[in-house]
Amino acid sequence: MRRRIVRETSSAALPSPHPLPPVRIRRRAFVAGLGAIACRSAFAQPSLHTYRIGFLRIGTPPRSFIEPFRQGLSELGYVEGKNLVIEFEAATTAEQLPEAAAKLVSKNVHLIVASGAAAVLPAWHASGTIPIVFVAGIDPMTAGLASGGLAQHSSNVTGLTTVQIDLTAKRIELLKEMLPALQRIAFLIRDGNPGCADYVREAKKATTALGLKLDVISVRSRADLDGAFESIRALGADAIVPMDDSVFTEARRQIVELANHYRLPGIYPTREFVEEGGLLSFGPNYSAVFRRAAALVDKIMKGVRPADLPIEQPTTFEIVVNISTSNVLQLEIPLSILVRADELME
């Protein structure tokens with residue numbers, strides 16, 4: 001059973017996220033721009049032309065990602081099987097993404113949606129002039145997609161950056177608030193993610209400020225996770241913090257099961273981990289993000305150049321807590337977290 005506490009949301013094309021949200025009656029992550037399409041379904045009428053959209057990702061996209069995307073397109077007048085075809089290419093590993101991107105290009109798609117940090121550059125390198133809308137925890141400037149900020153970027157790329165480097169410290173602070181006796185954190189990163197160094201830098205700053213010890217555990221793929229958790233146990237970590245990465249999202253059930261097996265409380269980048277039994281999450285609401293991605297796709301299909309659409313990012317984030325997991329781990333959730341939680345899962 002879930003107890004939902006719904007709060008206001010907002011979105012904007014801003015360069016950095018807000019700090020921990022204040023206590024309010026209802027909050028969801030990031031929906032500015034959605035207001036602009038509030039009355040979309042009544043007036044949006046794409047032509048009878050069939051639009052072919054490619055969707056590139058590691059693994060199958062979570063339902064909480066793809067269904068809001070599909071719903072958003074439907075409300076804008078796109079009907080799968082009538083005037084819309086979505087071609088999915090799901091790679092098993094990051095190394096397979098370039099081949100998967102090339103397959104989408106060979107299918108003559110009109111646009112590629114790159115989902116997850118690992119998918120963005122392979123899509124960009126393979127696409128040529130095909131427009132790309134990405135939803136990913138990637139810094140467009142670090143990745144070479146944007147040279148002059150979020151409003152000045154590669155001519156055929158736009159999207160929504162959910163890069164959460166700036167949230168790393170907030171997650172560690174929340175974890176310390178949840179676990180006052182916390183002394184040692186295992187920070188799980190994926191080797192190959194272009195933001196790794198920045199994530200680690202922020203984690204080190206946060207743990208130093210809080211007087212905590214930090215162990216950085218690096219993996220290349222989900223095949224390395226069992227060994228990674230053995231190392232975490234051997235190091236004596238009290239809790240785990242995975243970075244935001246599509247490989248980890250795909251492996252979220254495995255990560256949560258391993259964490260709970262070793263009785264490691266964790267704070268995760270999205271609610272999808274908490275739905276699998278993770279203790280706590282702090283990050284953007286990806287359902288809202290993917291609905292917004294549908295609006296960007298629609299604009300491009302109607303002739304707007306990707307270069308004229310600034311890259312956007314969330315400005316509001318949600319806290320989700322799994323009460324059942326806290327009971328299993330014999331943890332008492334502080335009132336200060338309970339009153340700020342957007343959703344309590346039981």
Side-chain angles (χ1 to χ4, degrees), residues 17 57-59 62 64-65 93-94 115-118 136-139 162-176 178-179 182 184-207 212-233 235 237-286 317-322 325 329:
R57 183 176 175 83
I58 290 180
S64 54
F65 291 11
T93 66
S115 173
I138 190 171
D139 183 337
T162 58
V163 65
Q164 299 178 34
I165 295 167
D166 291 343
L167 300 187
T168 302
K170 299 300 178 184
R171 292 198 181 107
I172 293 173
E173 290 167 11
L174 266 175
L175 195 59
K176 177 63 175 175
M178 172 76 83
L179 306 167
L182 181 65
R184 192 177 199 121
I185 289 176
F187 190 59
L188 188 65
I189 65 171
R190 181 181 68 83
D191 184 22
N193 184 302
C196 268
D198 293 328
Y199 275 100
V200 171
R201 183 194 66 241
E202 291 299 310
K204 287 180 177 178
K205 285 169 57 178
T207 50
L212 302 174
K213 295 178 181 179
L214 180 71
D215 298 311
V216 178
I217 308 296
S218 177
V219 301
R220 289 199 60 83
S221 70
R222 64 183 306 166
D224 301 328
L225 287 170
D226 286 346
F229 273 85
E230 287 285 352
S231 298
I232 291 169
R233 181 181 65 170
L235 290 166
D238 303 311
I240 183 171
V241 181
M243 69 178 290
D244 179 45
D245 186 90
S246 54
V247 172
F248 292 163
T249 303
E250 171 65 12
R252 62 193 180 280
R253 177 173 294 182
Q254 181 183 357
I255 289 172
V256 167
E257 287 179 351
L258 284 166
N260 291 343
H261 173 73
Y262 291 116
R263 303 191 65 80
L264 284 168
I267 186 164
Y268 300 94
T270 70
R271 65 166 44 238
E272 284 71 26
F273 288 83
V274 181
E275 290 171 353
E276 296 291 348
L279 176 64
L280 177 69
S281 70
F282 176 57
N285 182 313
Y286 274 88
F317 306 90
E318 64 179 5
I319 298 172
V320 182
V321 180
N322 192 313
T325 300
L329 296 175

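Index from 1, following the sequence.
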Pair Ile240-Phe229, side-chain contact (heavy atoms from CB on, under 4.5 Å): steps then yes or no: CA-CA 10 Å; Ile240 183 171; Phe229 273 85; 3.3 Å; yes
Derivation of the side-chain contact (heavy atoms from CB on, under 4.5 Å) call for Leu264 and Arg233: CA-CA 9 Å; Leu264 284 168; Arg233 181 181 65 170; over 6 Å; no
side-chain contact (heavy atoms from CB on, under 4.5 Å) evaluation trace for Thr168 with Phe187: CA-CA 10 Å; Thr168 302; Phe187 190 59; 4.0 Å; yes
Residues Arg263, Leu329; criterion side-chain contact (heavy atoms from CB on, under 4.5 Å); working and verdict: CA-CA 6 Å; Arg263 303 191 65 80; Leu329 296 175; 4.2 Å; yes
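Judged by distance alone, the side chain of Asn322 and the main-chain N or O of Val274 form a donor-acceptor pair under 3.5 Å. At distances below 3.5 Å, at least one donor-acceptor pair connects side-chain atoms of Asp238 with backbone N or O atoms of Arg184.
Of all heavy-atom pairs between Asn193 and Asp244, the closest is ND2-O, 3.8 Å. Asp226 and Gln254 get closest at one heavy-atom pair: OD1-NE2, 3.7 Å. The two residues Asn260 and Gly277 make their nearest non-hydrogen contact at ND2-O, 3.2 Å. Closest approach of Lys204 and Leu214 over heavy atoms only: CG-CD2, 3.6 Å. Contact detail for Gly137 and Ala117: the closest heavy-atom pair is O-CB, 3.7 Å. Taking all atoms of both residues into account, the shortest heavy-atom contact from Phe317 to Pro284 is CD2-N, 3.4 Å.
Remark: Glu202 engages Lys205 in a salt bridge, criterion side-chain N to carboxylate O under 4.0 Å.
Annotation: Arg201, atom CZ; neighbour count of heavy atoms from other residues, nucleotides and ligands within 6.0 Å is above 12.
For the side chain to side chain contact (heavy atoms under 4.5 Å, CB included) test with Ile267, the passing option among Leu279, Val241, Ile319, Leu179 is Val241; the others fail. Partner of Asp245 under the salt bridge (Lys or Arg N to Asp or Glu O under 4.0 Å) criterion, chosen from Arg190, Arg252, Arg220: Arg190.
Rounding to the nearest 0.5 Å gives a distance of 16.0 Å between CZ of Phe248 and CD of Glu272.
Residues Glu230 and Tyr262 meet the side-chain proximity criterion, which asks for heavy atoms closer than 4.5 Å.
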